[in-house]
There are 2 protein chains.
Amino acid sequence: MNIVLLGSGNVATHLGKALKMAGCNIVGVWSRTFENALSLASLLQTRAIAQVSHADPSADVYIISVNDDAIQDVASAIPVKDKLVVHTSGSVDMDVLKDYSADFGVLYPLQTFSREKDVSFKDIPVILESSSERAGEMLKEIAFRLSSRVHDLSSEQRRILHVSAVFACNFTNHLYALADDLLQNHDLDFDLLRPLIRETSEKIQNHSPRNVQTGPAVRNDKKTMHAHLNALKNTPDLYKLYQLLSQSIVNLK
Amino acid sequence: MNIVLLGSGNVATHLGKALKMAGCNIVGVWSRTFENALSLASLLQTRAIAQVSHADPSADVYIISVNDDAIQDVASAIPVKDKLVVHTSGSVDMDVLKDYSADFGVLYPLQTFSREKDVSFKDIPVILESSSERAGEMLKEIAFRLSSRVHDLSSEQRRILHVSAVFACNFTNHLYALADDLLQNHDLDFDLLRPLIRETSEKIQNHSPRNVQTGPAVRNDKKTMHAHLNALKNTPDLYKLYQLLSQSIVNLK
């Protein structure tokens, strides 16, 4: 199966590397910035494409991995209309691709990708959606090469999954950043928290998070919460978040 | 060194097991509920104590690991005044112990302890504070048996560390629980998020969280944030948290 990869950001880069490692044949890489296309094409040992309309028309699959807002623009420039066209976004409806092929779909790898860190795809849930049986078969063939955890979800379910991932990943990382900031402001090292952070995420690998909630809010320990709020009185952002998240813990009990 | 353990909750249980494994001699366990004292004493192969005032007066150290509010009460009932008296709380000042011995202090293991899950102490930061050189020496001897990561902090620093741990651990786990709830309400399985959660916490083991922040807020991707808020309009708690945490990400940039 010959694949054209359209995009060169974090998702495109990690996905491209994983596809390559899984034995897929990547016949070209396009990026809005040609230098980035050259750089990723070199990494994937394939050729860079200067314009989407110049992409190899004989490829089987065109994977669009760009900013959500640009997906439709990129799809409209693909030079053929009878091939599988796929995007990789968690939050964009599959139907944005409907005018550009009869066979279209979504391949959304549910993971956080950073330039700085390699990621193994084998345990990553890969979420699929497809417009036709043919699209579904082709997507499954690609997805199962990447991971054993392949799921078919609707656009609406995928959007909910994406929102939940924002809570579990993006917001969580931000809480780490806020904790780091607070420690730095008191000459304390974030390294003190790293084992705790690891254990917190390991604990829910085999438990429901609600069943392992700890801390003053779930105990309704008002004295400690009051002392904590007092320590946060000079950082209004943290103060407000502390209140709201503590109340939310109480509400969920 | 002979130790009396006063308390039988999660911290007392995990600490007691770690002390036992580290070769410390636990000569008695007390708990407000005698059945719990019996149960922990049996686990630690020592004897249960029905009242604090009946604790072995010849012990070297009395470790108080009870709810913050009860620390002073328990300390006041210890039958001797010339031994090391220690509490294990993250947020209570050391000085609550000052009337009960000249040698007192704090041994605060910075980790989240749940009944359901064993924890290795060897990488856990153990935070110490002591009233005297003698207390400091004894505490260090105990702490270094448990972990290689031993730190002296003041009561105020310890309180800041504790608040930051609430953000990085308790609030983080609550975000997992909210994500779980959201998924369940749409017939989706929390298992989809587990690899993402693990990767998010692994990523910051070697990076600063601020440098690996991902998601729509840090990209200022208003369209996606709007779509997410739209998906949350029937869950006002989540809606408000989404807004506040996204704004906080923007503020920290």
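Per chain, numbering begins at 1; letters A, B, ... match sequence-line order.
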* Asked: Is the shortest distance from a Lys or Arg side-chain nitrogen in B:D123 or A:R194 to a carboxylate oxygen in the other one below 4.0 Å?
  -> no
* Looking at A:L178, A:L192, A:L153, which one has more heavy-atom pairs under 4.5 Å with chain B than the rest? -> A:L192
* Heavy-atom contact with chain A under 4.5 Å, split by part of B:Y242 -> both
* Segment of B:V119 engaging chain A (4.5 angstrom heavy-atom cut-off) -> side chain
* Report the option among A:D221, A:L183, A:N10 that has the most heavy-atom pairs separated by less than 4.5 Å from atoms of chain B. => A:L183
* How close do B:N170 and A:G215 get, heavy atom to heavy atom, and via which atoms? -> OD1-CA, 3.2 Å
* Look at A:L241, A:D68, A:N206 and state which one has the largest set of heavy-atom pairs under 4.5 Å with chain B. => A:L241
* To do: Give the member of B:K203, B:R210, B:R219 that has the highest number of heavy-atom pairs under 4.5 Å with chain A.
  => B:K203
* Asked: For the residue pair B:S201 and A:Y176, what are the closest heavy atoms and their distance?
  -> CB-OH, 3.6 Å
* Asked: In terms of heavy-atom pairs under 4.5 Å with chain A, which of B:I127, B:D181, B:I204, B:L182 leads?
  -> B:I204
* Which atoms of B:F190 come close to chain A, meaning under 4.5 Å heavy atom to heavy atom: side chain ones, backbone ones, both, or neither? -> side chain
* Between A:A165 and B:L196, which heavy-atom pair has the shortest distance, and what is it? -> CB-CD2, 3.5 Å
* Structure fact -> When every non-hydrogen atom of A:F167 is compared with those of B:A179, the smallest separation belongs to CB-CB, 4.4 Å
* Does the side chain of B:Q205 reach to within under 4.5 Å of the side chain of A:R198, using non-hydrogen atoms? -> yes
* **Contact leader toward chain A among B:V92, B:N67, B:L161, where contacts are heavy-atom pairs under 4.5 Å** => B:L161
* Let me know if B:V166 has heavy atoms under 4.5 Å from chain A in its side chain, its backbone, both or neither. => side chain
* Below 4.5 Å from any heavy atom of chain A, which atoms of B:L188 appear? Answer side chain, backbone, both or neither. => side chain
* Asked: Looking at side-chain heavy atoms only, is the closest gap between A:T172 and B:I197 below 4.5 Å?
  -> no
* Does the side chain of B:E199 reach to within under 4.5 Å of the side chain of A:Q111, using non-hydrogen atoms? -> yes
* Exceeds 12 heavy-atom contacts within 6.0 angstrom, atom CZ of A:R32 -> no
* Between A:D191, A:N211, A:V218, which has the largest tally of heavy atom pairs under 4.5 Å with chain B? -> A:D191
* Which answer fits A:N185, side chain, backbone, both or neither, if we ask what part of it has an atom under 4.5 Å from a heavy atom of chain B? -> neither
* **Exercise: do B:N173 and A:T214 side chains pair donor with acceptor under 3.5 Å** => no
* Asked: Checking heavy atoms, do the side chain of A:S91, its backbone, both or neither come under 4.5 Å from chain B?
  -> side chain
* Heavy-atom side-chain contact between A:L245 and B:L175 under 4.5 Å -> yes
* To do: Would you mind telling me which of B:P125, B:A217, B:P209 has the largest number of heavy-atom pairs within less than 4.5 Å of chain A?
  => B:P209
* Yes or no on side chain to side chain contact (heavy atoms under 4.5 Å, CB included) for A:S248 and B:F171, after CA distance, side-chain angles and deciding distance? -> CA-CA 10 Å; A:S248 180; B:F171 290 165; over 6 Å; no
* Structure fact -> residues 223-231 of chain B vs chain A, non-hydrogen distance cutoff under 4.5 Å, contacting residues -> B:K223, B:T224, B:A227, B:H228, B:A231
* Asked: Are B:H174 and A:Q213 close enough, and set up right, to give a side chain to side chain contact (heavy atoms under 4.5 Å, CB included), and what steps lead you there?
  -> CA-CA 7 Å; B:H174 179 58; A:Q213 183 68 50; 3.7 Å; yes
* Asked: Any side-chain heavy atom of B:I124 sitting closer than 4.5 Å to one from A:P195?
  -> no
* Checking heavy atoms, do the side chain of B:L252, its backbone, both or neither come under 4.5 Å from chain A? -> side chain
* To do: Let me know if B:S89 has heavy atoms under 4.5 Å from chain A in its side chain, its backbone, both or neither.
  => neither
* Structure fact -> In terms of heavy-atom pairs under 4.5 Å with chain B, the winner among A:I160, A:D237, A:L110 is A:I160
